[in-house]
Visitor: 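The structure is given below, and queries will be raised subsequently.
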Protein chains: 2
Amino acid sequence: MQLAVSTVIFALRDPDRRSARTALDAPHPVLSLPLVCRVREPYDGFWALPGGPLRGEEGLTDAAARTLEETTGLRPTYLEQLYAFGEPDRSGATAAEPGERVVSVVYWALVSQHEAARARVGQNVRWLAADQLPDLAFDHNLIVDYALWRLRTKVEYSRIAHAFLGEHFTLRELREVHELVLQRELDPANFRRQVEASDAVVPTESFRTGGRHRPARLYRYNTAIAPVDLGPLAAPPTTPEPSPTPPATRSSR
Amino acid sequence: MQLAVSTVIFALRDPDRRSARTALDAPHPVLSLPLVCRVREPYDGFWALPGGPLRGEEGLTDAAARTLEETTGLRPTYLEQLYAFGEPDRSGATAAEPGERVVSVVYWALVSQHEAARARVGQNVRWLAADQLPDLAFDHNLIVDYALWRLRTKVEYSRIAHAFLGEHFTLRELREVHELVLQRELDPANFRRQVEASDAVVPTESFRTGGRHRPARLYRYNTAIAPVDLGPLAAPPTTPEPSPTPPATRSSR
DNA sequence: CCAAAAGTGTTGGTAATACACCCATGT
DNA sequence: ACATGGGTGTATTACCAACACTTTTGG
């Protein structure tokens, strides 16, 4: 039995020119992920998630970060475990060609627009739009679907949208990230009120000028607040640290 | 490298007589989990989660259900993957006694009050209260804490509380499950309104009598509604079945 | 035996809050 | 044209109150 680690990497990328229907299409970024082309059986020639086997002395999260960096050159701003897939028949083995069984611990990651531009792409690594994927190797279509579902549900109650942006951003840009991920438009006024009330961002004194409209104030991420609530796993296992919160003593009812 | 599967099993159990402070304490059920006592190093004599190694041709979920049944005799009404733990040093190996590295895929399960009473307990298997656990083997304290956190967050947006109850129950009983899990009291009126609006339960024509008060109507679980939203993983991999909902056709923005 | 009390299920209201939707103004 | 701020009606929730129905208790 083999244990492998793979990662679904999301980024918002400016669309290729050739995929635009008309010149008038607004150049909205597209939710995309980098995939690698397999060069041997099974699934020779199919696109697959970046990943690799777990090495001797590294943790699962470390393995995800390493394999992701080795194949795509990317360093994610957010990395979280997604799910462990371990059906006996998922390795693509057939009666004619029985392969070894593989259990995959899959992670999902977000990279910023700026980082995504630095990705090492080529013949074997390419960005594909998340909503127009071809048939992938193994059960990777299911894995990507599940990662997409997690991203969309988590954006609504967490603060991970910042991971797509740089250090400074306007509320319009942050709102656009939410809209692209959720695939629906959000009310600018309510979005502003929510974000400001949540303390997730802090205003700066800078403004983004250049558009033919009123300059938009730039905000930055509030690092005093944890981006997501992971519960007891909040402290990464690589640096185990006793929780500062005392054990919940239950008063008798 | 070894791959093991373990399960955190939750049930609401009537408290032992000896743990009641006074005879007047209301006998509220207590959130508990069955643990097994280790009989060899490492962690000889410590309590640990039930589990075992993954067998050749079974899926991860199947392995969780099997090891859980073998050690405790329980069949859960709810079973879901929790997390994969794979830090290199978590197997309890020391410099004096280096053990093999173990990656654990951990599941969490809920069993009904009735099923919990049938559990095979003895010298090596015992129920312990979830909020008063001793030091457990390996990193199992962290694992239980995380499972507790998942249970508490999921009860609020999902319908898993029914898994603790039998086929028929009063709204009072369902509310008590929520209160015990969340450790706070809920408004009866609002709870009733929410549950009725959510279509999660269906009223029956039976009533629970016996108390010195007005009989309470019995409800049953609405099987037409999925208990939890697992997204694309909703169909269990053991019985792959096309989703009845058509694929979401995405309109271009 | 009957009436009152006790106790919980069930139902309804009110104030505060959050959100969807719309509009005004500034640059 | 878009950023920013404000305004209104609707839905949800916290909190409170009343009524319904059965068992128990006191005569």
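FYI, side chains are in, hydrogens and waters are out, and symmetry mates aren't considered; it's all heavy atoms of this structure. Below, read A as the first sequence line, B as the second, and so on, with proteins coming before strands; counting in each chain starts at 1.
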Visitor: Does any part of the side chain of Ile9(B), heavy atoms only, come nearer than 4.5 Å to the side chain of Pro50(B), both counted from C-beta?
Guide: yes

Visitor: What's the CZ-C1' distance between Phe191(A) and dA18(C), to the nearest Å?
Guide: 16 Å

Visitor: More than 12 non-hydrogen atoms from neighbouring residues, nucleotides or ligands closer than 6.0 Å to CZ on Arg75(B), yes or no?
Guide: no

Visitor: Could you state the atom-to-atom distance from CD of Glu179(B) to P of dT8(C) in whole Å?
Guide: 13 Å

Visitor: Between dT4(D), dC19(C), dA20(D), spot the one nearest the side chain of Arg214(B), thanks.
Guide: dA20(D)

Visitor: For Glu156(A) and dC19(C), what is the distance between atoms CD and C1' respectively, to the nearest whole Å?
Guide: 13 Å

Visitor: Roughly, in whole Å, what's the span from NE2 in His213(A) to C1' in dA3(D)?
Guide: 8 Å

Visitor: Counting only heavy atoms from other residues, nucleotides and ligands, does the tally under 6.0 Å from CD of Glu167(B) exceed 12?
Guide: no

Visitor: I need the CZ-P distance between Arg175(B) and dA14(D), as an integer number of Å.
Guide: 13 Å

Visitor: When you get a sec, tell me which of dC16(D), dT4(D), dT22(D) is the closest nucleotide to the side chain of Ala189(B)?
Guide: dC16(D)

Visitor: Considering only dT4(D), dT10(C), dG9(C), which nucleotide approaches the side chain of Arg172(B) most closely?
Guide: dG9(C)

Visitor: Rounding to a whole Å, what distance do you find between Leu171(A):CG and dT4(D):P?
Guide: 6 Å

Visitor: Applying the side chain to side chain donor-acceptor pair (under 3.5 Å) criterion to Asn190(B), which one of Arg193(B), Gln194(B), Arg192(B) satisfies it?
Guide: Arg193(B)

Visitor: When you measure from the side chain of Arg193(A), which nucleotide among dG6(D), dG5(D), dG13(C) comes out closest?
Guide: dG6(D)

Visitor: Please give, in whole Å, the distance from dT12(D) C1' to Glu196(B) CD?
Guide: 16 Å

Visitor: Measure from the side-chain heavy atoms of Asp187(A) and tell me the nearest of dC19(C), dG9(C), dC22(C).
Guide: dC22(C)

Visitor: Taking atom CZ of Arg150(A) as the centre, does the number of heavy atoms from other residues, nucleotides or ligands within less than 6.0 Å exceed 12?
Guide: yes

Visitor: Report the nucleotide, chosen from dC19(C), dT4(D), dC15(D), that has the shortest atom-to-atom distance to any side-chain atom of Asn190(B).
Guide: dC15(D)

Visitor: Any side-chain N or O of Arg212(B) under 4.0 Å from OP1/OP2 of dG7(C)?
Guide: no

Visitor: What integer distance in Å separates Phe207(A):CZ from dC2(D):P?
Guide: 19 Å

Visitor: Taking the side chain of Gln194(A) as heavy atoms from C-beta outward, which of dA3(D), dT10(C), dC19(C) is closest to it?
Guide: dC19(C)

